[in-house]
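Working notes, beginning with the structure itself.
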Amino acid sequence: MIDDDDRTVMSDVPGWEEPEAGRLPVLIVLRGAQLGRRYLMNEKRFALGRRENVATLVIPGDPKISSKHCEIEHDAARDCWVVRDAGSTNGTRLNGRMVDLADLAEGDKLLLGDTVLKFSFHDEVESEFHHEVDRLMNIDELTGLVVLRVFRERFHEGFASCSRTRRPLALLMMDLDGLKKINDTHGHQAGALTISGVGYMLGELVGTRGMIARFGGDEFMAAFPGLDSQAAVAAGEQIRAALAAQKFAFGEVLLRPTISIGVAAMPEDATTPERLIRVADEALYRAKAAGRDRVST
C-alpha cells in the first residue's frame with residue numbers, strides 16, 4: 001500500500017514560461033570595475049559610455065572608455081541586435097575583432113577599453129533569479145540600504161560628476177547615540193532592532209535626494225549631490241529631529257535612540273572624496289564631544 005504522502009504531485013510551476021518566451025537582452029560585466037553587474041536592455045536603442053550626460057548606459061571606472069563609446073540597437077527589419085562604434089578613442093572590439101558595425105549573437109563579448117561585456121538573453125525566470133542574487137549581494141539585510149561597496153562606487157561617481165559640472169556635494173557621517181546602553185539594558189536583539197528601524201527610516205528620509213549606507217555597526221553615511229554645506233546642515237537637522245521624535249517598540253519597551261551628525265561639503269571643505277570623508281568624520285567627532293544628538297560642521 002502506498003501512503004498518500006509518498007506520492008509525487010504534478011502541478012504547474014507558478015510564473016513559469018517557456019525559455020524562448022519574453023527573453024530580454026542583457027549586458028553582463030565579465031571584467032571591469034563593476035564585475036557581475038547586469039545592464040537590462042529594455043529599450044530599442046542604447047548608447048554606452050563613461051559620461052552620464054551622453055550615455056544611456058554609464059560604465060564607470062574605466063578611463064579608456066569614451067564619453068560615448070558605442071551604440072547598441074534593435075534592427076526591427078531583421079529582428080536582431082547590432083553594435084555600432086560611436087567614434088570612440090580606443091575602438092570597440094567584438095570577440096577580439098575591431099568593429100564599426102556588427103550583429104550581436106548570444107554569448108558575444110564586447111571589449112570597451114579594459115571592460116568586457118557579455119551580450120546575452122534572460123527569460124523571466126532567469127531575470128528573477130539574477131534580481132534576487134543582486135539583492136543579496138547589494139542590499140544590507142538588516143537595514144534595507146545598499147551595502148558599503150555599492151555606496152562607495154556611487155559616491156565616487158557622484159563626486160566626479162559634481163566636480164566636472166561644478167556642483168556642490170555634501171557628505172553626512174552619522175552615529176547612533178546610546179546603542180551600547182540599549183544593548184546592555186535590553187540585549188543585542190533590541191540593539192539590532194534599533195539599527196534596523198533607524199536604517200529603514202534614514203532610507204526614507206534621504207529618498208531620491210541622495211544615497212545612504214550603513215558603514216559600521218551603528219554608523220551611517222549619506223551623500224547629497226547638489227547640496228552645499230548650509231543646505232546639508234538643514235538636511236542633517238531634519239534627520240536628527242525626525243529620529244529624536246521616533247520611538248521603536250521592543251516588546252513593551254520603547255527605545256528612543258538619537259543620532260549625532262557630522263557635515264562636510266565639496267568644494268568648500270575638500271576637493272577629493274577621501275578628504276571629504278575625513279572632514280565629515282572630524283565633524284561627527286565634534287558633534288559627539290559637544291553632547292551628542294546634534295549636527296556639527
Side-chain angles (χ1 to χ4, degrees), residues 26-29 31-40 46-63 65 67 69 112-115 117 130-131 133-174 198-216 219-229 231-232 235-236 239 261-267 269-281 284:
V26 294
L27 291 172
I28 306 168
V29 181
R31 187 179 74 195
Q34 296 184 314
L35 185 67
R37 179 171 179 175
R38 295 177 309 119
Y39 295 92
L40 179 63
F46 295 87
L48 280 67
R50 189 160 46 91
R51 295 284 176 86
E52 60 185 11
N53 59 327
V54 293
T56 313
L57 296 181
V58 178
I59 304 174
D62 188 341
I65 293 178
S67 298
H69 198 100
L112 280 59
D114 290 325
T115 300
L117 303 166
H130 286 287
H131 178 76
V133 170
D134 288 345
R135 187 189 67 79
L136 293 172
M137 290 179 59
N138 299 323
I139 301 297
D140 175 34
E141 186 175 358
L142 186 62
T143 63
L145 304 175
V146 297
V147 297
L148 186 57
R149 169 183 54 80
V150 174
F151 176 87
R152 282 176 172 159
E153 290 174 358
R154 295 179 181 175
F155 170 61
H156 280 81
E157 291 170 18
F159 194 100
S161 176
C162 287
S163 295
R164 188 170 57 251
T165 57
R166 299 184 182 275
R167 296 174 65 216
L169 180 144
L171 184 68
L172 275 60
M173 301 289 281
M174 298 173 275
V198 169
Y200 278 96
M201 184 176 175
L202 290 176
E204 292 179 357
L205 288 170
V206 172
T208 58
R209 296 183 298 165
M211 58 196 91
I212 181 168
R214 180 168 69 113
F215 74 98
E219 300 169 309
F220 301 84
M221 70 165 67
F224 293 89
L227 294 192
D228 59 16
S229 183
I239 291 172
I261 302 175
V263 174
M266 64 83 74
D269 296 320
T271 55
T272 66
E274 294 74 20
R275 177 61 182 167
L276 189 63
I277 292 172
R278 181 181 301 177
V279 173
D281 198 43
L284 172 60

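Numbers here are sequence positions counted from 1.
Within the model, atoms OG1 of Thr143 and OH of Tyr200 stand 7.0 Å from one another, a figure rounded to the nearest 0.5 Å. One finds the CG atom of Leu48 at 8.0 Å from the OG1 atom of Thr56 (value rounded to the nearest 0.5 Å). Remark: Leu284 CG to Leu171 CG distance equals 10.5 Å, nearest 0.5 Å. Taken from CZ in Phe46 to CG in Leu40, the straight-line distance is 7.0 Å, to the nearest 0.5 Å. The distance from atom CG of Leu35 to atom CD1 of Ile28, rounded to the nearest 0.5 Å, is 11.0 Å. Here the CE atom belonging to Met266 is positioned 7.5 Å from the CG atom belonging to Leu276, to the nearest 0.5 angstrom.
Here the closest non-hydrogen pair linking Ile212 and Val146 is O-CG2, 3.5 Å. Scanning both residues, Ala33 and Glu153, for their nearest heavy atoms gives O-OE2, 3.9 Å. The two residues Asp269 and Ala264 have their closest heavy-atom pair at OD2-CA, 3.4 Å. Between Val54 and Ala47, the shortest heavy-atom distance links the atoms O-CB, 4.0 Å. The two atoms that bring Ile65 and Arg50 nearest to each other are O-NE, 2.6 Å, heavy atoms only. Val147 and Asp140 get closest at one heavy-atom pair: CG1-N, 3.7 Å.
Looking at heavy atoms from C-beta onward, Ile239 lies out of side-chain contact with Phe220 at the 4.5 angstrom threshold. Between Leu172 and Val206 the shortest side-chain heavy-atom distance does not fall below 4.5 Å. Within the 4.5 Å cutoff, side-chain heavy atoms of His156 are placed close to those of Glu274. For the pair Leu145 and Phe151, the minimum side-chain heavy-atom distance is 4.5 Å or more. Side-chain contact between Val58 and Glu157 is absent, with no heavy-atom pair separated by less than 4.5 Å. Between Arg166 and Pro267, every side-chain heavy-atom pair lies at or beyond the 4.5 Å cut-off.
For the pairing with Ile59, the side-chain contact (heavy atoms from CB on, under 4.5 Å) check across Leu27, Val29, Leu117 returns one residue only, Leu117.
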(message) As a quick check of understanding, evaluate side-chain contact (heavy atoms from CB on, under 4.5 Å) for Asn53 and Thr165, giving each step before the final call.
(response) CA-CA 10 Å; Asn53 59 327; Thr165 57; over 6 Å; no
(message) One pair to check against side-chain contact (heavy atoms from CB on, under 4.5 Å): Phe215 and Arg152. What are the steps and the verdict?
(response) CA-CA 10 Å; Phe215 74 98; Arg152 282 176 172 159; over 6 Å; no
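A donor-acceptor pair under 3.5 Å is absent between the side-chain atoms of Arg209 and the main chain of Phe224, judged by distance alone. Side-chain atoms of Asp62 never come within 3.5 Å of backbone atoms of Gly113 as a donor-acceptor pair (strictly under, hydrogens ignored).
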